[in-house]
Amino acid sequence: MTQITLVQGDITKQRVDAVVNAANSSLLGGGGVDGAIHRAGGPEILAECRKLRASHYGKGLPVGQAVLTTAGKLPARHVVHTVGPVHGGHAYERGAELLASCYRESLRLAAQAGDRVVAVPAVSTGVYGWPMEDAARIALSTVAAELARGPAAELAEVRFVLFDAAAFQTFAQVRDALGLDPRESREG
Ligand code: APR
């Protein structure tokens with residue numbers, strides 16, 4: 001049974017197999033999680049992202065999709081870059097589906113790469129402005145559904161890494177409201 005855990009901290013410090021990056025379509029870095037991952041992971045990550053742009057993703061990575069690269073100097077095997085929807089950039093239902101797709105596709109790629117423990121951020125809740133509670137509901141319900149079937153069922157742990165106490169509390173409240181097994185969450 002795959003564990004869903006919540007921790008408060010810095011995603012670049014997590015000793016996991018895969019780290020999910022809240023990227024933008026350019027795949028060429030940015031602020032927030034993206035900036036932190038490139039800073040901590042080093043230039044190898046960007047070099048692979050550039051190769052992806054020069055080959056399969058000439059127009060950039062579409063919203064809701066994901067790609068896998070090396071993790072460079074991070075304590076992980078892979079980084080999975082995904083592009084979240086900008087809040088208000090789409091009709092609500094479409095945006096919510098795109099956000100769900102970020103988690104679905106990221107877990108699929110990590111599982112297919114043989115990764116077992118995956119750290120995920122609260123995609124779209126920073127620069128992209130998605131309200132934390134709604135993003136938590138979409139993220140947790142999507143991940144729980146994915147772990148019940150398909151390649152993600154092979155994962156040992158999906159670890160939501162929340163950057164501050166408010167985000168952590170919101171995710172914990174939503175987790176409880178969804179009736180996800182609290183035993184599976186490790187706090188702090
Ligand atoms: N570890 C974990 N979470 C973090 C970290 C970190 N080191 N840094 C920021 N966060 C949190 C933010 O507090 C927010 O809750 O990650 C969440 C996502 O915020 P952003 O990183 O701003 O990502 P997003 O809202 O998806 O916007 C993506 O921002 O950084 C640019 O290049 C990126 O253009 C893209 C856009």
Side-chain angles (χ1 to χ4, degrees), residues 4-16 18-43 45-46 48-50 52-53 57 59-67 69 71-76 78-90 94-107 110 117-140 142-143 157-175 185-188:
I4 296 177
T5 57
L6 307 180
V7 298
Q8 181 183 333
D10 180 343
I11 202 165
T12 65
K13 302 276 190 292
Q14 303 300 314
R15 309 194 71 78
V16 294
V19 176
V20 175
N21 179 22
N24 60 57
S25 290
S26 78
L27 288 176
L28 301 180
V33 174
D34 203 3
I37 284 174
H38 282 282
R39 260 193 314 279
I45 300 175
L46 186 59
E48 278 199 28
C49 288
R50 287 192 194 287
L52 286 164
R53 282 299 312 275
Y57 297 99
K59 293 193 178 64
L61 182 64
V63 177
Q65 291 189 26
V67 288
T69 67
K73 297 201 285 289
L74 292 177
H78 300 115
V79 172
V80 179
H81 307 263
T82 192
V83 182
V86 175
H87 190 248
H90 310 266
R94 176 72 181 134
E97 178 44 42
L98 287 166
L99 184 55
S101 174
C102 287
Y103 290 100
R104 203 173 292 128
E105 287 303 299
S106 297
L107 295 187
V117 180
V118 184
V120 296
V123 176
S124 287
T125 63
V127 168
Y128 284 177
W130 208 282
M132 189 64 73
E133 185 174 1
D134 194 41
R137 183 184 55 76
I138 294 166
L140 288 165
T142 302
V143 168
E157 178 188 356
V158 176
R159 184 181 307 173
F160 282 91
V161 184
L162 291 324
F163 206 39
D164 55 45
F168 178 88
Q169 285 308 327
T170 300
F171 266 74
Q173 283 155 9
V174 169
R175 173 205 60 203
S185 297
R186 186 178 56 237
E187 299 192 4

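Predicted model only: the values in this text are computed from it and were never measured. Both ligands and their constituent atoms are indexed starting at 1 by order of listing.
No side-chain heavy atom of Thr12 sits less than 4.5 Å from a side-chain heavy atom of Val19. The closest side-chain heavy-atom distance from Tyr128 to Asn24 is below 4.5 Å.
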Legend entry - Residue pair Asp10, Val161: steps toward the side chain to side chain contact (heavy atoms under 4.5 Å, CB included) verdict: CA-CA 7 Å; Asp10 180 343; Val161 184; 5.9 Å; no
Legend entry - Worked check of side-chain hydrogen bond (donor to acceptor under 3.5 Å, both in side chains) between Glu105 and Thr82: CA-CA 8 Å; Glu105 287 303 299; Thr82 192; over 6 Å; no
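Sorted by first and then second residue, the salt bridge (charged side-chain N to carboxylate O under 4.0 Å, His left out) pairs with a member in residues 117-135 read Asp134-Arg137; sequence neighbours excluded.
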Output, or 'none' if empty, a list of ligand 1-protein atom pairs in which both atoms are N or O and the distance is under 3.5 Å, rounded to 0.1 Å.
unit_1: ligand 1; atom_1: 1 (N); unit_2: Ile11; atom_2: N; d: 2.9
unit_1: ligand 1; atom_1: 7 (N); unit_2: Asp10; atom_2: OD1; d: 3.0
unit_1: ligand 1; atom_1: 15 (O); unit_2: Thr125; atom_2: OG1; d: 2.8
unit_1: ligand 1; atom_1: 19 (O); unit_2: Gly126; atom_2: N; d: 3.4
unit_1: ligand 1; atom_1: 21 (O); unit_2: Val33; atom_2: N; d: 2.8
unit_1: ligand 1; atom_1: 22 (O); unit_2: Val127; atom_2: N; d: 2.9
unit_1: ligand 1; atom_1: 25 (O); unit_2: Thr125; atom_2: N; d: 3.4
unit_1: ligand 1; atom_1: 25 (O); unit_2: Gly126; atom_2: N; d: 2.8
unit_1: ligand 1; atom_1: 25 (O); unit_2: Val127; atom_2: N; d: 3.1
unit_1: ligand 1; atom_1: 25 (O); unit_2: Tyr128; atom_2: N; d: 3.1
unit_1: ligand 1; atom_1: 26 (O); unit_2: Ser124; atom_2: N; d: 2.8
unit_1: ligand 1; atom_1: 30 (O); unit_2: Gly31; atom_2: N; d: 2.9
unit_1: ligand 1; atom_1: 30 (O); unit_2: Gly31; atom_2: O; d: 2.8
unit_1: ligand 1; atom_1: 32 (O); unit_2: Asn24; atom_2: ND2; d: 2.9
unit_1: ligand 1; atom_1: 32 (O); unit_2: Asp34; atom_2: OD2; d: 2.8
unit_1: ligand 1; atom_1: 34 (O); unit_2: Asn24; atom_2: ND2; d: 3.2
unit_1: ligand 1; atom_1: 34 (O); unit_2: Tyr128; atom_2: OH; d: 3.3

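Relative orientation of the Phe171 and Phe160 rings is tilted, given thresholds of 30° and 60° on the angle between their planes.
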